[in-house]
Amino acid sequence: MEESVAGQKQRNSLLNSFFSVLSTVFHPLAVCVICLFFLLFSNSLLGEMISWQSRLVVLARLTVVYLVLPGFLWRVSVRAVGRGGVSGMEKILPSALVTLAFLLALLVIPKGIVYLILRNFMVGVFAVALLRLAVSLIYDLDPYGMAFGAAIALMVVKTLSGYTALLWPLVSIIVLSGLTLTGRLYMGKGRLENILVGVASGFGVMFSVLYFL
C-alpha cells in the first residue's frame with residue numbers, strides 16, 4: 001500500500017513537472033511568436049522575394065516589441081498596482097499596457113503588400129487582447145485559451161485558403177493546445193468554462209479578422 005501511494009505521488013509529481021514546463025514554454029505570448037515564425041519563414045505564405053536576413057530582422061523587432069516589452073510592462077504595472085491597492089486596477093492596468101504594446105507592434109512591421117498577412121495577424125492579436133481587456137472586470141477569459149484559439153484560427157484560415165504547408169502546424173498546435181490547457185486544469189490554474197470560452201473567443205476574433213480583411 002505504501003509503495004502504491006509513493007508511486008502515485010511520484011506520477012503526480014512528474015505530471016506536475018511536465019505540465020508546468022508546457023505552461024512555461026507555450027506561454028500565450030510565446031504561442032503567438034511561434035505563429036509569427038511560421039508566417040515569416042513559410043515561403044508558401046510570404047513568398048520567396050524577401051531575404052532571410054530581412055525576415056530575421058522583422059522577427060527580432062516583433063519579438064522585442066511583442067514579447068519582451070509586454071512582459072516588462074506587465075510586471076511593472078502589477079507591482080505598481082499592488083503597492084497602490086486600487087480595487088479593480090490589478091486587472092485593467094496590466095492588460096491595458098500589454099494591449100498597447102500589441103498595437104505598437106504593428107508599427108514595426110515593414111510596409112508593402114508582401115507583409116499584408118503579417119499585419120492582418122497582428123491586427124487580430126490586438127483585437128483578441130482588446131476583447132480580454134474589455135471584459136476583464138466582468139469575466140476572466142483564460143489567456144492561454146485565447147492564445148491557442150487565435151493560433152488555431154490562423155492555421156485553419158490559411159489551410160482553407162489552400163496553404164497545405166500549414167496542415168501539419170495546424171495538427172501540432174491543436175495537440176499542443178490540448179496538452180497545455182489540460183495541464184492548466186490538472187494544476188488548478190484555470191477553470192474549464194473560462195478555458196473553453198477563451199478558446200472560442202480567441203478563435204472567433206482571429207478567424208473573423210483574417211477572413212474579412
Side-chain angles (χ1 to χ4, degrees), residues 8 11-35 66-67 70-71 73-75 77-78 81-82 85-103 121-160 169-212:
Q8 183 64 37
R11 285 192 293 273
N12 290 340
S13 177
L14 288 173
L15 280 175
N16 279 324
S17 299
F18 174 69
F19 287 136
S20 179
V21 169
L22 278 180
S23 295
T24 302
V25 173
F26 297 105
H27 185 275
L29 295 176
V31 169
C32 292
V33 170
I34 292 173
C35 291
Y66 184 69
L67 186 63
L73 291 176
W74 182 279
R75 287 193 173 187
S77 59
V78 166
V81 170
V86 182
S87 177
M89 288 298 291
E90 66 275 5
K91 290 185 177 181
I92 293 179
L93 184 58
S95 295
L97 291 176
V98 171
T99 303
L100 177 60
F102 293 161
L103 180 61
F121 173 69
M122 290 307 302
V123 169
V125 169
F126 172 71
V128 170
L130 193 61
L131 172 63
R132 187 167 189 267
L133 173 63
V135 302
S136 59
L137 282 180
I138 58 175
Y139 194 82
D140 185 21
L141 288 169
D142 186 80
Y144 282 79
M146 295 189 79
F148 277 113
I152 292 172
L154 168 66
M155 302 300 178
V156 167
V157 169
K158 295 309 170 186
T159 301
L160 292 177
L170 170 60
V171 174
S172 300
I173 204 71
I174 290 175
V175 172
L176 288 173
S177 65
L179 288 173
T180 306
L181 298 178
T182 298
R184 285 181 62 74
L185 287 173
Y186 180 82
M187 294 186 294
K189 293 185 177 181
R191 295 174 59 243
L192 180 60
E193 177 190 348
N194 299 77
I195 290 175
L196 292 178
V197 174
V199 171
S201 57
F203 182 92
V205 171
M206 182 61 74
F207 187 91
S208 300
V209 169
L210 293 177
Y211 188 80
F212 291 106

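Counting begins at 1 with the first residue of the sequence.
Side-chain contact between Asn16 and Tyr186: present, with at least one pair of heavy atoms (C-beta onward) separated by less than 4.5 Å.
Between the OH atom of Tyr144 and the NZ atom of Lys189 there is a distance of 7.0 Å, given to the nearest 0.5 Å. Note that CG of Leu133 and OG1 of Thr99 are 4.5 Å apart. Values are rounded to the nearest 0.5 Å. In this structure, the separation between CZ on Phe207 and CZ on Phe212 is 8.0 Å, given to the nearest 0.5 Å. Considering CG of Leu181 and CG of Leu176, their distance stands at 10.5 Å, rounded to 0.5 Å. Interatomic distance, CZ of Arg184 versus CZ of Phe19, reported as 12.5 Å (0.5 Å rounding). Atom CG of Leu160 and atom CG of Leu170 lie 8.5 Å apart (nearest 0.5 Å).
Minimum interatomic distance between Met206 and Gly124 (heavy atoms only, all atoms of both residues): CE-C, 3.5 Å. Minimum interatomic distance between Leu185 and Gly190 (heavy atoms only, all atoms of both residues): CD2-O, 3.4 Å.
For Phe148, there are no ring-ring contact (aromatic ring centres under 6.0 Å, His included) partners at least two apart in sequence or on another chain. Residues meeting the side-chain contact (heavy atoms from CB on, under 4.5 Å) test with Ile34, sequence neighbours left out: Phe26, Phe38.
Only one option out of Val31, Thr182, Ile152 pairs with Ser177 in a side chain to side chain contact (heavy atoms under 4.5 Å, CB included); it is Ile152.
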Side-chain donor-acceptor contacts of residues 192-204 below 3.5 Å, not counting sequence neighbours, with atom names and distances?
residue: Glu193; atom: OE1; partner: Arg191; partner atom: NH2; Å: 3.4
residue: Glu193; atom: OE2; partner: Tyr139; partner atom: OH; Å: 3.1
residue: Asn194; atom: OD1; partner: Arg191; partner atom: NH1; Å: 2.6
residue: Asn194; atom: ND2; partner: Asp140; partner atom: O; Å: 2.7
residue: Ser201; atom: OG; partner: Val197; partner atom: O; Å: 2.9
residue: Ser201; atom: OG; partner: Gly198; partner atom: O; Å: 3.0

| task | Decide yes or no on side chain to side chain contact (heavy atoms under 4.5 Å, CB included) for Phe18 and Leu14, but give the supporting numbers first. | result | CA-CA 6 Å; Phe18 174 69; Leu14 288 173; over 6 Å; no

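Under the 3.5 Å distance criterion, the side-chain polar atoms of Ser20 are left unmatched by any main-chain donor or acceptor of Ser17.
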